[in-house]
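As structure tokens, the structure follows; a few thoughts come after it.
The first residue in the sequence is number 1, and the count goes up from there. Hydrogens, waters and symmetry mates are skipped; everything else that's a heavy atom, side chains included, is used.
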Amino acid sequence: MGDAPAPRFCFGVIADVQYADVEDGYNFGRTARRYYRRGLGRVRSAVRAWNGERGRLACVLQLGDLIDGLNAQRGASEPALRAVLGELGHLRAPVHHAWGNHDLYNFSREYLLRSELNSAPGGAPGPGAEADACYAYHFSPAAGFRFVMLDAYDLSVLGWDKYSQKYQHSLKLLKEKNPNEDLNSSLGLDEPQFVKFNGGFSQLQLDWFNEVLTASDKNREKVLVMGHLPIHPGSTNNVCLAWNYKDALSIIHSHQCVVCFLAGHLHDGGYCLDSHGVHHLTVEGIIETPPQSHAFGTIYVYEDRMILKGKGRIPDKVMYYRTQ
């Protein structure tokens with residue numbers, strides 16, 4: 001970092017590995033090549049780079065879709081997950097995992113809560129009764145800073161038991177917004193984010209989120225929020241937004257503490273600085289990164305800014321904080 005003062009701490013970011021032990025393929029529209037098998041080596045080299053950092057990382061944020069849905073079709077979900085977690089296990093820092101749609105193609109939420117993809121402190125689920133608790137939690141990587149994990153599939157038709165109240169409520173909402181026979185199609189929708197491969201935030205989770213930010217305001221903390229789905233149209237295309245992204249955004253904008261929102265899902269990545277001074281960074285996906293490139297980054301945190309040093313497709317970026 002040259003002659004600049006030492007950062008308070010640093011952390012890694014990576015998104016949409018979508019590993020599967022299969023040949024390369026293409027996305028649904030056949031506009032982008034997908035490198036399923038190469039994801040394992042990409043994770044390995046990212047871990048090597050992070051372990052080589054001069055200062056130890058506080059953590060790595062894995063922003064969802066660690067393995068691809070193709071594994072479920074092949075009966076290979078557990079071996080694929082073990083393979084990628086085995087590579088991440090060499091990290092000299094804890095990993096915090098968001099849950100994405102591909103994780104839920106492979107596993108039920110009940111399974112994920114028992115797995116290593118549950119990185120909540122103590123493995124405790126978030127707000128809600130045990131049967132329908134969302135996967136949301138927060139932690140402090142350093143004094144004066146707080147990270148909040150949101151569950152973007154708290155409302156979803158993925159992962160929930162089909163007889164559960166959450167599933168029934170989510171299916172009703174989805175069909176009200178999306179009359180298409182194929183619920184993964186956004187054709188003709190006024191709100192194109194209402195597709196099956198997305199999800200949203202329950203009111204219970206939003207209320208909990210508001211309480212966490214209220215406490216951080218009081219304690220004068222700087223807060224970074226993360227989840228698989230982006231919540232600002234400027235940082236993604238409209239199809240990849242969380243269903244009720246406006247509700248989450250409204251809560252963030254009612255507080256002074258949030259400085260950044262990190263997401264995955266859109267493999268091309270995206271960024272915007274919103275009207276309230278919050279940075280929205282959507283991290284480029286490993287899955288569509290050509291063999292000669294890469295897609296991970298390290299973020300160095302200072303009192304007045306964060307500096308992203310990206311590898312491969314992820315560009316460097318300086319993100320200054322608004323003053324409280």
In Å, rounded to the nearest 0.5 Å, how long is the span from [atom1] of [X] to [atom2] of [Y]?
| X | Y | atom1 | atom2 | value |
| --- | --- | --- | --- | --- |
| K317 | I307 | NZ | CD1 | 12.5 Å |
| Q73 | N106 | CD | CG | 9.5 Å |
| R146 | C257 | CZ | SG | 10.0 Å |
| S216 | E221 | OG | CD | 4.0 Å |
| S254 | L213 | OG | CG | 7.0 Å |
| N244 | L249 | CG | CG | 11.0 Å |

For [X] and [Y], indicate whether the former's side chain and the latter's backbone hold a donor-acceptor pair under 3.5 Å.
| X | Y | value |
| --- | --- | --- |
| Y153 | L229 | no |
| D103 | D65 | yes |
| S140 | F145 | yes |
| N219 | A215 | yes |
| N198 | Q193 | yes |
| D217 | Q256 | yes |

With S185 as partner, the option from L187, L189, L183 fulfilling side-chain contact (heavy atoms from CB on, under 4.5 Å) is L187
With a 6.0 Å cut-off on the ring centroids, do [X] and [Y] count as close?
| X | Y | value |
| --- | --- | --- |
| Y105 | F107 | no |
| Y321 | Y302 | no |
| H294 | F296 | yes |

Between the side chains of [X] and [Y], is a donor N or O closer than 3.5 angstrom to an acceptor N or O?
| X | Y | result |
| --- | --- | --- |
| S119 | Y135 | yes |
| T31 | Y26 | no |
| H97 | E116 | no |
| T298 | W50 | yes |
| D182 | N180 | no |

Surrounding [atom1] of [X] (heavy atoms of other residues, nucleotides or ligands, distance under 6.0 Å), is the total greater than 12?
| X | atom1 | value |
| --- | --- | --- |
| E176 | CD | yes |
| Q292 | CD | yes |
| E110 | CD | no |
| Q203 | CD | yes |

Any Lys/Arg nitrogen of E191 or K177 sitting under 4.0 Å from an Asp/Glu carboxylate oxygen of the other?
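K177 and E191: salt-bridged.
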Residues R8 and E303 bridged, charged N to O under 4.0 Å
yes
Under 4.5 Å between side-chain heavy atoms, hopping through other hydrophobics if needed: is there a path connecting L57 to L85?
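Linked, L57 and L85 end up in one cluster.
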Residue from D151, D154, N210 passing side chain to side chain donor-acceptor pair (under 3.5 Å) with Q205:
D154
Going by side chain to side chain donor-acceptor pair (under 3.5 Å), D274 matches just one of H279, H253, H232. Which one?
H253
Using the six-membered ring wherever Trp is involved, compare the ring planes of F11 and F147 and label them parallel, tilted or perpendicular (cut-offs 30° and 60°).
perpendicular
Below 30° counts as parallel, above 60° as perpendicular, anything between as tilted: where do the rings of H228 and H265 land?
perpendicular
Cation-pi check, [X] onto [Y] ring (under 6.0 Å, within 45° of axis):
| X | Y | value |
| --- | --- | --- |
| R109 | W99 | no |
| K309 | Y300 | no |
| R34 | Y36 | no |

